[in-house]
Amino acid sequence: MPRCQYETMSTNQSVADVLIPQEQIRRRTSELAQEISRDYESQDLHLICVLKGGVVFLVDLMRELSVPVSVDFMATSSYGAATESSGVVRILKDLDNPIAGRNVLIVEDIIDTGHTLDYLSRILRQRDPASLRICTLLNKPERREVDIPIDYVGFNIPNKFVVGYGLDFGELYRNLPFVGVLKAELYQS
Ligand code: PRP
C-alpha cells in the first residue's frame, strides 16, 4: 500500500525538469576528482560522507580519485520530513574511527542554509584532523544563512526543490541518476 500520494507517481510524473543530466554530473565529478587528486598528491585522504544524501556522489567521486582513500560515514538530520531546514542539526550516526592527524574531506550532496556543514566542521575540527576541507556536488548560494568556506563545488544551482542523485523528498527519488526539479504540487499539497 502506498503511504502517500507521491509514491503512486512514476518519477517522470514527479519531476518537472531535469536540472543536471547524468552525463553532466559524471563529467563534473571526474573533473573534481582530478582536482582533488592533484591537491592531495602523495598524501592519504580520509573521506567523510554525510548520509544519506551524500552517498551517491561519494561512490562515484571516490572511484575517480587516484590518491589512497579511506572512508567513514556520518549521518545528520536538519530537515526530517520537512522541506525547510530547522536550523538545528542532529547527529544520527557518528564516525567509526578517529580523524586526528588525517587529511579529511567531507563529501556532501548539497549545501543549502549551511547549518549542517557549519555544525559538522566545528565538531570535526575539535578532533584535530591534519586538514579539513569540504566537497559538495550542489551548492545553493541564495539560501545561505551561515557562511561556509567550500573547497570543491560541483554546481551552483538556483533555489529550486531538487531531488535525485542522492537527494530525496520523503525518502524517495534518491535513486534518480540525474538532478531534477520536483513538481511543486507534490510538496505544496
Ligand atoms: C541535507 C543534505 C545536507 C543538508 C544541507 O540532508 O544532505 O546534509 O541537508 O542542508 P543545510 O545546508 O540547510 O544544512 P538532510 O538533513 O535532508 O538528510 P539526508 O541527507 O539524509 O536527506
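Note that ligands are numbered from 1 as they come in the structure, with each ligand's atoms numbered from 1 the same way. This is a predicted model, so every value here is computed, not measured.
- The side chain to side chain donor-acceptor pair (under 3.5 Å) test applied to R125 returns no partner, not counting sequence neighbours.
- Between F57 and Y165, the ring planes lie tilted relative to each other; the angle falls in the 30° to 60° range.
- For T136 and Y152, the side-chain atoms include no donor-acceptor pair closer than 3.5 Å.
- A cation-pi arrangement is present between R133 and Y40 under the rule of less than 6.0 angstrom and at most 45 degrees off the ring axis.
- Residues I123 and I91 have side chains in contact (heavy-atom distance under 4.5 Å, counting atoms from C-beta outward).
- Contact annotation for D112 and ligand 1: heavy atoms of both the backbone and the side chain come within less than 4.0 Å of the ligand.
- In summary, the atoms of ligand 1 found under 4.0 Å from a heavy atom of T116, numbered by their order in the structure, are 4 (C), 5 (C), 8 (O), 10 (O), 11 (P), 14 (O).
- Atoms of ligand 1 found under 4.0 Å from any heavy atom of H115 (numbered from 1 in listed order, with element): 12 (O), 14 (O).
- Counting heavy atoms only, D109 comes closest to atom 7 (O) of ligand 1 of the residues V89, D109, L120.
- Using a 4.0 Å cut-off to heavy atoms of I110, the atoms of ligand 1 that qualify are 2 (C), 3 (C), 5 (C).
- Close approach of ligand 1 to K52 (heavy-atom distance below 4.0 Å) involves ligand atoms 19 (P), 20 (O), 21 (O).
- Counting atoms of ligand 1 from 1 in the listed order, those under 4.0 Å from a heavy atom of L51 are 20 (O), 21 (O).
- Of the heavy atoms in L117, none comes closer than 4.0 Å to ligand 1.
- Residues R144 and D147 are not paired through a salt bridge, judged by the lack of any N-O separation under 4.0 Å between the basic side chain and the carboxylate.
- For R174, every heavy-atom contact with ligand 1 shorter than 4.0 Å involves the side chain, none the backbone.
- Contacts between E108 and ligand 1 below 4.0 angstrom, taking non-hydrogen atoms only, involve the side chain exclusively.
- Per-residue contacts place T113 under 4.0 angstrom from the following atoms of ligand 1 (heavy atoms of the residue considered): 11 (P), 12 (O), 13 (O), 14 (O).
- Every pair passing side chain to side chain donor-acceptor pair (under 3.5 Å) that includes a residue from residues 155-164 is listed here, sequence neighbours excluded: N139-N156.
- Here's the thing with G54: none of its N/O atoms is less than 3.5 angstrom from an N/O atom of ligand 1.
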Q: Check step by step if salt bridge (Lys or Arg N to Asp or Glu O under 4.0 Å) holds for R38 and E35.
A: CA-CA 5 Å; R38 273 196 306 272; E35 191 183 340; 5.5 Å; no
